[in-house]
Amino acid sequence: MKKYYPILIAGFIGGIAFIIPIFKSLSCCLVIPIISVLALYFEMKSTGRIEPFKLKEGISIGLFTGISSAFFGLFFDVFITLVTHSNELVLSYPQMNEMLNTFPVDEPTKKQALEMIKNVVQQIQNNGFSSIYVFAMLINGLISNSIFGIIGGIVGARILNNKFFKVE
Amino acid sequence: MLKIKFAIVLILLIWNLGNFIEFYIHLADFLLFFHLFFNHLFSFVCHQDAEKVISFWGKSTLLCSRCSGIYFGAFLFSIVNIFTKQAKLIKTKYLFFAAIPLIFDVTFTSFGIYNYSKIIAFSTGILLGFVGLEFLISTIFTFSDNGE
């Protein structure tokens, strides 16, 4: 279990970063790559590593850090939504409505899209939870965090190898 | 090798087309659902602040100017990469040099030293996206060449 601590700790930090708006707005897509580098650094320190990282280590640590951050981020988001009965989707719904009206698509398509979003928003406002929203968040989080996690893992392996093992 | 290079171009092309979907959404009704998909997908990687997105002709990108720059820069490198024979290993310091203008821009605008400029954000993003992808690809190929 101990060997997963670096991934879980970095994923936890990433999950927190996703719910702090100012941090999220400042760092954009850099959050996941940075926490992947952090996970590699934690791994290096916790195991007292004496040899450079290999590519597959960078990729696997980055991938699992991305996945763990997706779960932590989702957990925090679901918890806050459950308490507040509101989230970014609920807040942006009025603008989404206006935005859809500006699109040059036919009425039935527009209505169908609006109805789908409206159901999710109503579920969140009434129960503080929507399974469709959670599912969509999880899928999106897993895809995007895995990709950026792998990128961060590869870049991180190279940076740490260069800095601590003098390997270019 | 060439197949991988074309795959990278294709992925980044789809990503960038998703960013500019509002500019051609009128071409087909089904694009509305792609708009919703990309909008939600991009919300994971960008704040999508309405004041910071690139807007012209009454249409906007889904990503902010900085992120648009990063992905556009990466796309530009992916095209250049097709015409280069072998990925040349670039030093780590060049990645940091490429990131410095973007970091300064983020810092200066956050502390109100100067106002947010879409052109500066987009340009600094292009630089990091271009060099960042070059660094990433050269790192992967170097690791691969070492039998890893």
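Proteins come first, then strands; the chains are lettered A, B, ... in the order of their sequence lines, and each starts at number 1. Owing to the predicted nature of the structure, the values given are computational and were not obtained by experimental measurement.
Counting heavy atoms of neighbouring residues, nucleotides and ligands inside a 6.0 Å radius, atom CZ of Phe111(B) does not exceed 12 of them. Asn115(B) CG: 12 or fewer foreign heavy atoms inside a 6.0 Å radius.
Here Ile159(A) contributes atom CD1 and Leu95(B) contributes atom CG; the two are 5.5 Å apart, rounded to the nearest 0.5 Å. In this structure, the separation between OG1 on Thr92(B) and CG on Asn161(A) is 9.0 Å, given to the nearest 0.5 Å. Note that CD of Gln112(A) is 4.5 Å distant from CZ of Phe33(B), once rounded to the nearest 0.5 Å.
In the hydrophobic clustering of ILVMFWY residues, with side-chain heavy atoms under 4.5 Å counting as a link, Leu76(B) and Leu133(B) come out together. A continuous path of hydrophobic side-chain contacts links Leu136(B) to Ile82(B) [ILVMFWY only; heavy atoms under 4.5 Å]. In the hydrophobic clustering of this structure, Val53(B) does not group with Phe122(B); members are Ile, Leu, Val, Met, Phe, Trp, Tyr whose side-chain heavy atoms approach within less than 4.5 Å, directly or through other members. Cluster annotation: Ile25(B) is connected to Leu27(B) through the hydrophobic network of ILVMFWY side chains, with a link wherever side-chain heavy atoms come within less than 4.5 Å. In the hydrophobic cluster analysis, where Ile, Leu, Val, Met, Phe, Trp and Tyr join through side-chain heavy atoms closer than 4.5 angstrom, Leu74(A) is grouped together with Leu82(A).
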Inset, instruction - Evaluate the criterion side-chain contact (heavy atoms from CB on, under 4.5 Å) for residue pair Thr139(B) and Val155(A); output intermediate values, then yes/no. - result: CA-CA 7 Å; Thr139(B) 299; Val155(A) 172; over 6 Å; no
Inset, instruction - Begin with the C-alpha distance, continue with both residues' side-chain angles, and end with the deciding distance and a verdict on side-chain contact (heavy atoms from CB on, under 4.5 Å) for Phe135(B) and Ile154(A). - result: CA-CA 10 Å; Phe135(B) 182 85; Ile154(A) 295 168; over 6 Å; no
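Looking at Leu63(B), there are no atoms closer than 4.5 Å to chain A (heavy atoms on both sides), in backbone or side chain. In this structure, chain A has no heavy atom under 4.5 Å from any part of Phe42(B). Residue Ile139(A): no heavy atom, backbone or side chain, is found under 4.5 Å from chain B.
Arg158(A) and Lys91(B) get closest at one heavy-atom pair: NH2-CA, 3.9 Å.
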